[in-house]
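Okay, so here's the structure we're looking at.
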Amino acid sequence: MTPHFSRNIPHSSLNELPDTPFYYYDTHLLQRTLENIKSCIAQHDDYVVHYAIKANTTPTVLSAISSKGFGADCVSGGEIKVAINAGFDPGKIVFAGVGKTDKEIAYALEVGIFCFNVESLPEIDAINEIAVRKNLKARLAIRVNPNVDAHSHPKITTGLNENKFGIDIPHLLPAIRRIQSLEGVELIGLHFHIGSQITDLRVFETLCERINELQTELELHNVHLQHVNVGGGLGINYKEPHLEKIAPFCEYFEVFGKKLFLRPGQTLHFELGRSVVAQCGTLLSRVVYVKQGSHRKFVILDAGFSDLARVAMYGAYHYIENLGSSDMSARPLEYCDIVGPICESSDVFAQGRLVNQCRRGDVVAIRSAGAYGITMASTYNCRPLPASFSDLDFTFDGGKLR
Ligand SMILES: *Cc1c(COP(=O)(O)O)cnc(C)c1O
């Protein structure tokens with residue numbers, strides 16, 4: 001099994017690597033991903049892509065994205081600040097979230113964000129009050145809960161009536177009327193975000209059909225909108241990341257090009273997070289011990305769910321490779337459980353996984369860790385946060401294990 005991500009550049013060898021665990025970003029792949037997105041929407045000057053900041057906030061990653069002119073999708077005041085510091089244009093920032101605080105709303109108004117994606121009536125009232133006090137008018141899009149099943153993991157499904165997000169369709173018209181009756185707010189769009197890691201593009205077709213029906217109905221009530229925001233959610237290939245380093249962006253945008261009927265002058269907004277950054281990130285870790293249990297072999301890493309929470313949190317799958325060590329002896333494949341050092345039984349990255357035999361000191365790569373990796377890291381067990389590096393700091397070819 002040869003490592004698939006090698007770029008064959010003179011490298012720092014496996015025993016010269018920085019202390020593990022750390023994240024390593026392939027900025028070259030990120031650039032290619034961003035170029036691919038741009039080329040897929042080149043024909044559509046009415047499409048605007050906002051990068052979902054929560055997926056990854058590493059400065060190198062953010063500046064690569066902002067310098068390409070993408071907007072930002074933020075879910076907290078802190079993210080708005082991080083986005084602006086990284087060079088994102090405040091006029092291209094959208095702000096979602098069910099619990100925006102007065103402080104966050106005031107900050108967003110002061111910096112002049114493009115739009116608040118509002119999720120409830122009390123939030124509309126709060127934004128209105130704050131805007132009136134500041135003598136400003138807040139631009140709002142209503143986040144609609146379209147009751148479309150994303151068919152992904154229950155913990156990352158957001159567009160069903162049982163989810164806390166958005167305003168249900170029966171409550172939509174009253175919310176619109178409320179906005180129209182208030183001085184400090186103006187309705188400019190509709191927002192949808194139905195979930196994450198969506199790999200069946202037909203889910204987005206269903207979303208388009210729901211939006212088309214809704215737009216037709218709203219027009220009967222004389223409601224006209226400047227934009228539609230379809231959120232994010234495009235999935236990536238976690239199982240075989242080396243076969244699909246770039247998500248199928250052109251097919252994704254084509255679904256909307258074909259199925260969504262925009263009105264003249266309307267813009268279509270996207271909020272992509274995972275699909276932009278997941279594949280360019282790897283979590284590198286070392287084997288601390290290999291322990292033979294009575295039924296299983298445990299490979300104990302120095303990385304745990306405090307570094308990468310997705311497996312413990314969602315039962316997510318990450319492709320894992322043993323890159324070996326300076327000892328380049330051949331290693332047969334074997335089944336093992338790959339676990340972290342944290343004092344919780346959920347601190348497991350993979351069970352019964354076939355990898356090249358692991359030895360103490362080997363470097364293990366957990367792939368597709370660029371999205372919701374470092375941003376979900378914690379200091380649980382008083383562990384330090386993992387460091388982040390990229391190919392701008394040093395390069396390595398991923399080892400030479402056979
Ligand atoms: C998290 C989030 C996104 C990004 O989702 P991905 O699945 O990472 O593309 C977009 N919009 C909103 C409102 C979000 O909360």
Side-chain angles (χ1 to χ4, degrees), residues 30 33-34 37 48-57 61-62 65 70-80 82-83 88 92-100 104 108 113-120 123 140-146 148-160 163-167 189-201 203-204 207 227-238 246-249 252-253 255-256 268-281 309-310 313-314 316 368-376:
L30 177 58
T33 305
L34 296 170
I37 296 172
V48 185
V49 176
H50 305 262
Y51 164 65
I53 297 287
K54 74 178 182 295
N56 192 307
T57 56
V61 170
L62 285 188
I65 300 171
F70 291 98
D73 164 47
C74 298
V75 292
S76 74
E79 283 194 357
I80 295 175
V82 161
F88 286 93
K92 285 188 185 172
I93 291 179
V94 292
F95 183 16
V98 293
K100 301 177 190 77
E104 290 176 313
I113 65 162
F114 167 63
C115 186
F116 292 83
N117 292 330
V118 297
E119 312 217 10
S120 67
E123 181 193 335
L140 310 186
I142 296 181
R143 178 170 181 170
V144 180
N145 185 335
V148 171
D149 192 342
H151 295 293
S152 73
H153 191 275
K155 290 224 163 70
I156 50 175
T157 294
T158 54
L160 290 174
N163 299 125
K164 70 178 176 182
F165 299 100
I167 290 176
L190 288 185
H191 174 239
F192 305 83
H193 174 66
I194 54 173
S196 199
Q197 185 50 21
I198 297 167
T199 49
D200 180 354
L201 294 180
V203 168
F204 294 111
L207 175 64
H227 80 260
V228 174
N229 182 337
V230 291
L234 177 61
I236 62 129
N237 191 340
Y238 282 102
I246 298 181
F249 291 107
Y252 167 76
F253 289 116
V255 168
F256 296 94
L268 181 58
H269 296 247
F270 300 86
E271 303 169 335
L272 296 173
R274 184 190 311 278
S275 54
V276 181
V277 292
Q279 299 294 38
C280 76
R310 297 191 64 256
M313 202 160 163
Y314 315 128
S368 314
Y372 308 106
I374 186 63
T375 48
M376 283 190 175

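Keep in mind that what you see is a predicted model, and the values were worked out from it rather than measured. Note that ligands are numbered from 1 as they come in the structure, with each ligand's atoms numbered from 1 the same way.
A salt bridge between K100 and E123 is present, with a side-chain N of the basic residue lying under 4.0 Å from a carboxylate O of the acidic one.
Between K54, Q197, H193, it is K54 that holds the heavy atom closest to atom 1 (C) of ligand 1.
Considering backbone and side-chain N/O of G233, one or more are found under 3.5 Å from N/O of ligand 1. Annotation: G273 places an N or O atom under 3.5 Å from an N or O atom of ligand 1; distance criterion only. At a 3.5 angstrom cut-off on N or O pairs, R274 counts as close to ligand 1. Inclusion of H191 in the set of residues having an N or O under 3.5 Å from an N or O of ligand 1 is not warranted.
Separating the CD1 atom in I80 from the SG atom in C74 is a distance of 5.0 Å, to the nearest 0.5 Å.
Taking every heavy atom of both residues into account, G99 and E104 meet most closely at O-OE1, 4.0 Å. Contact detail for N237 and Q279: the closest heavy-atom pair is O-NE2, 3.1 Å.
Residues I37 and F253 meet the side-chain proximity criterion, which asks for heavy atoms closer than 4.5 Å. When side chains are defined from C-beta on, C115 counts as touching H227, because their heavy atoms get closer than 4.5 Å. Side-chain atoms of F70 and L272, non-hydrogen and from C-beta on, never get closer than 4.5 Å to each other. Using a 4.5 Å heavy-atom threshold, the side chains of I65 and V277 count as touching.
In terms of protein heavy-atom proximity, atom 11 (N) of ligand 1 is nearest to E271 OE1, 2.6 Å.
Ligand 1 places these atoms under 4.0 Å from at least one heavy atom of G232: 9 (O), 10 (C). The atoms of ligand 1 that sit less than 4.0 Å from any heavy atom of A52 are 3 (C), 4 (C). Close approach of ligand 1 to S196 is summarised as follows: ligand atoms under 4.0 Å from at least one heavy atom of the residue are 6 (P), 7 (O), 8 (O). Numbered from 1 in the order shown, with element, the atoms of ligand 1 that lie under 4.0 Å from a heavy atom of Y372 read 1 (C), 4 (C), 5 (O), 6 (P), 8 (O).
Ring centroid separation for the pair Y372 and Y314 does not come in under the 6.0 Å cut-off.
With a 4.0 Å heavy-atom cut-off, ligand 1 is reached by the side chain of D73 but not by its N, CA, C or O. Of the heavy atoms in A55, none comes closer than 4.0 Å to ligand 1.
Put simply, no part of F165 is less than 4.0 Å from ligand 1, judged by heavy atoms.
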